[in-house]
Protein chains: 2
Amino acid sequence: MSIMTSPTDVACCRPVTEAALDDASAIQLAAVFAVLGDPVRLRLFSLIASLPDGSCACDLVEPLGRSQPTVSHHLKVLFESGLVDRERRGRWIWYSVRPEALASASILITC
Amino acid sequence: MSIMTSPTDVACCRPVTEAALDDASAIQLAAVFAVLGDPVRLRLFSLIASLPDGSCACDLVEPLGRSQPTVSHHLKVLFESGLVDRERRGRWIWYSVRPEALASASILITC
DNA sequence: GCTATATATCGATACTTGCCAATATAGATA
DNA sequence: TATCTATATTGGCAAGTATCGATATATAGC
């Protein structure tokens with residue numbers, strides 16, 4: 001799956017409980033939730049988020065108990081959704097959270 | 001999919017960005033996100049949430065543009081996840097949001 | 001260039017899920 | 001009881017996805 005626009009672009013900035021979402025906003029917001037809706041991917045995201053300076057991809061395979069290709073796949077989904085950033089450092093790639101992406105989702109589900 | 005425990009039972013009450021989720025918490029929390037991760041279901045939820053007294057199921061089929069069984073299916077998923085409540089009133093069934101369920105998810109993704 | 005290592009992509013498979021048509025269930029009313 | 005209506009369930013199909021082994025790409029160091 002690929003999300004073309006960043007979650008921060010979601011037009012609606014009001015809680016989902018305040019006014020019914022239009023179709024387009026629902027598609028964008030649901031895409032963010034879907035990314036976080038897989039347990040392995042959510043743990044992966046939380047592992048990255050738990051370290052302030054981000055995480056090397058090399059440190060994420062073992063704690064997840066999944067193969068390297070599988071972790072790489074989930075990292076790609078997280079990156080393309082705009083939830084994490086990616087930076088190459090020499091041979092390694094460092095992932096870090098994009099706080100503003102999470103914040104927009106948080107605002108929407110706050111009553 | 002069926003979620004046996006309510007989202008409010010999720011053990012962890014800290015943001016996912018603060019400490020890495022353990023496996024069990026990730027499974028529970030991801031289940032909530034997965035429920036909201038379908039655009040039709042998210043719109044359905046937002047339709048119910050937008051009316052303070054809840055919504056009759058009979059008023060939810062037409063605006064979603066899906067068949068009655070499909071809407072019924074999504075309502076079941078929402079109910080079993082603990083995100084909405086259900087009450088029979090005569091021939092009709094009224095759905096309303098359970099605010100505390102959303103709140104727990106909101107806390108977890110707040111930075 | 002050659003080798004070693006870190007990450008990504010490919011291809012295949014098993015499982016999940018969103019959807020609808022048909023049917024069942026349950027309450028209301030006569 | 002019979003009938004009408006609102007909602008739920010069943011069955012099946014098509015599309016999506018999580019997973020892994022094998023392979024490709026890219027960087028570092030020699």
Side-chain angles (χ1 to χ4, degrees), chain A residues 1-4 23 26-48 54-81 83-96, chain B residues 1-4 23 26-48 54-81 83-96:
Chain A
M1 174 202 35
S2 163
I3 303 166
M4 285 306 123
D23 210 22
I27 290 172
Q28 286 189 26
L29 184 56
V32 180
F33 286 135
V35 169
L36 297 174
D38 178 82
V40 172
R41 202 152 52 218
L42 183 60
R43 277 196 71 213
L44 182 54
F45 177 78
S46 117
L47 279 169
I48 296 169
S55 306
C56 173
C58 59
D59 292 328
L60 296 169
V61 173
E62 187 262 329
L64 277 184
R66 292 295 188 285
S67 71
Q68 179 270 322
T70 295
V71 174
S72 180
H73 161 70
H74 286 306
L75 285 170
K76 184 182 185 180
V77 173
L78 283 171
F79 175 71
E80 288 182 340
S81 75
L83 284 170
V84 304
D85 248 336
R86 179 156 72 178
E87 180 201 358
R88 182 175 278 278
R89 298 187 194 167
R91 235 186 309 212
W92 299 274
I93 300 193
W94 287 74
Y95 286 84
S96 55
Chain B
M1 174 200 37
S2 165
I3 302 165
M4 283 309 121
D23 210 24
I27 290 173
Q28 285 190 26
L29 184 57
V32 180
F33 285 135
V35 169
L36 297 174
D38 178 80
V40 172
R41 202 152 51 219
L42 183 60
R43 278 196 69 213
L44 181 53
F45 178 78
S46 120
L47 279 169
I48 296 169
S55 305
C56 174
C58 58
D59 292 327
L60 295 169
V61 173
E62 187 262 329
L64 278 183
R66 291 296 188 283
S67 71
Q68 179 270 324
T70 295
V71 174
S72 180
H73 161 69
H74 285 307
L75 286 170
K76 184 182 186 182
V77 173
L78 283 171
F79 175 72
E80 288 182 340
S81 74
L83 283 170
V84 303
D85 247 335
R86 182 157 68 179
E87 180 199 0
R88 182 175 276 279
R89 298 189 195 167
R91 235 187 308 216
W92 299 274
I93 300 194
W94 287 75
Y95 285 85
S96 53

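Proteins get letters first, then strands, A, B, ... in listed order; numbering begins at 1 in each.
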Rounded interatomic separation in angstrom, taking CG from A:Asp38 and P from C:dC15:
16 Å
N/O (side chain, A:Lys76) to phosphate O (OP1/OP2, C:dT9) under 4.0 Å:
yes
Roughly how many Å is it from NE2 in A:His73 to C1' in C:dT7, rounded to a whole number?
15 Å
Checking the side chain of A:Arg88 only, and the main-chain atoms of A:Gly90 only, is there a donor and an acceptor separated by less than 3.5 Å?
yes
Could you identify which residues of residues 57-70 of chain A place a heavy atom less than 4.0 Å from some atom of DNA chain D, listed by residue number, or say none?
A:Arg66, A:Ser67, A:Pro69, A:Thr70
So, with a heavy-atom separation below 4.0 Å from DNA chain D, the residues of residues 84-96 of chain B are B:Arg86, B:Arg91, B:Trp92, B:Ile93, B:Tyr95
Euclidean distance, B:Leu83 CG relative to B:Leu42 CG, rounded to 0.5 Å:
10.5 Å
Quick check for you: to the nearest 0.5 Å, what is the distance between A:Asp85 atom CG and A:Ser96 atom OG?
5.0 Å
I need the full list of side-chain hydrogen bond (donor to acceptor under 3.5 Å, both in side chains) pairs touching residues 54-65 of chain A, with sequence neighbours left out, sorted by first then second residue.
none
So how far is it from B:Leu75 CG to B:Gln68 CD, rounded to the nearest 0.5 Å?
9.5 Å
Atom CZ of A:Arg41 and atom C1' of D:dT19 are separated, to the nearest Å, by 12 Å
When rounded to the nearest 0.5 angstrom, what is the spacing between CZ in A:Phe33 and OG in A:Ser81?
12.5 Å
CG (B:Leu36) and CG (A:Leu29) are apart, to the nearest 0.5 Å, by 8.0 Å
So, do B:Val77 and B:His73 sit near enough that their side-chain heavy atoms are less than 4.5 Å apart?
yes
In whole Å, what is the span from the CG atom of A:Leu75 to the P atom of D:dT19?
12 Å
Rounded to whole Å, the CD-P distance (B:Glu80 to D:dA8) equals 11 Å
Residue list, side chain to side chain donor-acceptor pair (under 3.5 Å) with A:Ser67, at least two apart or on another chain:
A:Thr70
Only counting residues at least two apart or in another chain, list the ones meeting side chain to side chain donor-acceptor pair (under 3.5 Å) with A:Ser72.
none
Sugar-phosphate only, base, or nothing, as touched by A:Val40 at under 4.0 Å among non-hydrogen atoms
sugar-phosphate
Describe, as an angle rounded to 10 degrees, how the axis at the first end of the helix from C:dG1-D:dC30 to C:dA30-D:dT1 is tilted relative to the axis at the last end, five pairs per end.
30°
With A:Arg86, which residues qualify under side-chain contact (heavy atoms from CB on, under 4.5 Å), at least two apart?
A:Phe79, A:Ile93, A:Tyr95
List, with names and distances, any nitrogen or oxygen atoms from the protein found under 3.5 Å away from nitrogen or oxygen atoms belonging to nucleotides 13-16 of chain D.
none

Quick one: does any side-chain atom of A:Arg41 pair with a main-chain N or O of A:Val35 as donor and acceptor, under 3.5 Å?
yes
Report the distance from atom NE2 of B:His74 to atom C1' of D:dT7, rounded to the nearest whole Å.
16 Å
Applying side-chain contact (heavy atoms from CB on, under 4.5 Å) to A:Leu64 and not counting sequence neighbours gives A:Val40, A:Arg43, A:Leu44, A:Leu47, A:Val71
